[in-house]
Amino acid sequence: MEKRRLGRIGHETSVLVYGAAALGSVTQEVADASLAQALAAGINHLDTAASYGDAEERMGPTVERIRDQVFLATKSTERRAEDAWRELNRSLELLHTDHIDLWQVHAVCDLPELEKVFAPGGAIEAFVRAKDEGIVSWIGITGHTEAAPVVHAEAVRRHDFDSVLTPVNYHLYTADAEFRANFDILYALLQERDIALRTIKATARKPWVGDHKLATWYEPFTTPEDIRAAMSWVLGSFPYIAGLPTAGETTLLDKAIAAEANRMDVAEAADHLARIDDYQTIFV
């Protein structure tokens with residue numbers, strides 16, 4: 001599996017990052033098997049969050065066994081320092097570890113939410129403390145929605161974050177000129193400051209209509225060629241992107257692994273994706 005440098009963090013990360021949202025409501029047996037599949041394929045970067053249901057607990061046994069072999073990231077949605085600190089300690093316990101490689105302020109999707117993080121007594125104080133005390137090695141910020149690139153650019157102007165996790169896919173970038181301009185600004189800024197960039201929702205197709213058939217909160221691409229095109233376009237278009245978290249559904253992991261191993265060139269991927277009639281933004 002291809003590896004890319006994770007900005008100033010320096011980790012040579014597999015371009016597929018294990019998206020542990022997939023483990024939020026599965027059995028321990030399913031979680032163990034899925035993580036084993038990821039590790040066997042060469043994935044060396046696990047990304048979870050305290051808000052992902054039972055994911056951290058399900059990951060604990062595997063993390064304890066292979067802790068020195070993987071880059072481990074988790075997240076907190078708490079906005080007050082004391083609450084974020086409490087959540088970090090819970091994450092450490094559930095993950096069976098005494099340190100986190102990357103701890104991220106999670107789901108910062110608009111500027112009012114960013115203000116909460118930086119308010120007196122806000123979560124950023126806990127993140128800085130955790131890094132200063134060596135409990136976490138690096139700190140980052142994440143978010144969804146079309147506004148995320150603007151919010152994340154403002155965040156790294158306010159604080160020297162080590163990592164950003166933000167959305168981009170073919171539809172978002174090509175169909176929305178405002179999003180494209182804002183993403184390009186963020187992309188250049190992160191390179192200038194050597195801040196790690198990972199992106200989410202590469203394989204998101206559209207909002208769910210009717211019953212959810214998979215664990216993802218959006219409807220993902222499920223056919224191998226669609227997944228191959230979607231991942232190929234992002235990884236080929238933006239070489240500074242270090243990793244794509246896999247979709248939050250264990251049954252799609254094998255297709256993502258196969259797609260990464262047999263990528264299209266950017267033009268072929270774009271042509272394939274442009275012919276998908278129901279391709280939409282999932283941020284509604």
Side-chain angles (χ1 to χ4, degrees), residues 1-24 31-52 55-56 58-76 91-92 94-106 131 135-143 161-168 190 194-203 227 231-232 234-235 238-250 252-261 263:
M1 183 173 294
E2 182 189 357
K3 293 183 173 62
R4 294 184 180 179
R5 176 177 172 273
L6 193 60
R8 69 174 70 138
I9 293 169
H11 174 64
E12 290 294 322
T13 185
S14 52
V15 292
L16 290 188
V17 173
Y18 187 86
L23 306 181
D32 291 347
S34 184
L35 287 164
Q37 181 183 21
L39 295 167
I43 293 175
N44 66 5
H45 185 148
L46 311 180
D47 186 89
T48 189
S51 58
Y52 289 169
E56 290 183 326
R58 294 288 173 262
M59 293 172 70
T62 295
V63 169
E64 184 174 27
R65 181 171 51 83
I66 50 88
R67 181 67 188 91
D68 61 346
Q69 302 171 38
V70 295
F71 186 89
L72 180 63
T74 193
K75 316 181 191 77
S76 175
S91 292
L92 291 167
L94 293 176
L95 289 165
H96 299 189
T97 187
D98 61 0
H99 72 285
I100 301 296
D101 294 306
L102 174 64
W103 191 32
Q104 300 156 98
V105 188
H106 191 29
K131 187 175 180 181
I135 300 170
V136 306
S137 300
W138 311 94
I139 59 176
I141 190 165
T142 84
F161 285 103
D162 303 301
S163 173
V164 166
L165 180 66
T166 206
V168 73
L190 298 183
D194 201 20
I195 296 170
L197 173 61
R198 298 169 303 152
T199 59
I200 53 175
K201 306 303 180 272
T203 59
I227 294 171
M231 288 175 42
S232 296
V234 173
L235 288 172
F238 304 104
Y240 190 69
I241 292 174
L244 305 182
T246 54
E249 167 60 51
T250 58
L252 295 177
L253 179 60
D254 58 341
K255 296 179 182 180
I257 292 167
E260 189 282 327
R263 304 212 299 260

Results of side chain to side chain donor-acceptor pair (under 3.5 Å) for S91 - residues two or more places apart only: E56

Minimum side-chain heavy-atom gap H11-N44 below 4.5 Å: yes

Any side-chain heavy-atom pair of I100 and I135 under 4.5 Å: no

Partners passing side chain to side chain donor-acceptor pair (under 3.5 Å) against K3 (at least two apart in sequence or in another chain): none

Student check: side-chain heavy atoms of V168 and K201 closer than 4.5 Å: no

Heavy-atom side-chain contact between M231 and R263 under 4.5 Å: no

Interatomic distance, L23 atom CG to T250 atom OG1 [nearest 0.5 angstrom]: 7.5 Å

Side-chain ion pair, D98 and R67, N-O less than 4.0 Å: no

CG on L39 to CD on Q69, rounded to 0.5 Å: 7.5 Å

Contacts of L253 that satisfy side-chain contact (heavy atoms from CB on, under 4.5 Å) - sequence neighbours left out: Y18, S34, Q37, A38, I43, T246, I257

Separation between CH2 of W103 and CG of L92, rounded to the nearest 0.5 Å: 9.0 Å

Residues in side chain to side chain donor-acceptor pair (under 3.5 Å) contact with D194, at least two apart in sequence or another chain: R5

Residue pair T97 / H99: nearest heavy atoms and the distance that separates them: OG1-O, 3.1 Å

T142 vs T166 side-chain heavy atoms within contact, under 4.5 Å: no

Qualifying residue, where the test is side-chain contact (heavy atoms from CB on, under 4.5 Å) with I195 and the options are I9, D162, L6, V164: V164

Side-chain heavy atoms of S76 within contact of H106, under 4.5 Å: no

Spatial distance of atom CG (L102) from atom NZ (K131) [nearest 0.5 Å]: 10.0 Å

Any Q104 side-chain heavy atom under 4.5 Å of I141 side chain: no

Passing option when F71 is tested against T13, D101, V17 for side-chain contact (heavy atoms from CB on, under 4.5 Å): D101

Sub-4.5 Å side-chain heavy-atom contact between L95 and L72: yes

Non-hydrogen atoms of T74 and A50 that approach each other most closely: OG1-N, 3.8 Å

Sequence neighbours excluded - salt bridge (charged side-chain N to carboxylate O under 4.0 Å, His left out) pairs with any residue from residues 35-49: D47-K75, D47-R198

Approximate separation, where rounding is to 0.5 Å, of M59 CE and L94 CG: 11.0 Å

By side-chain contact (heavy atoms from CB on, under 4.5 Å) - contacts of A21 (at least two apart): Y52

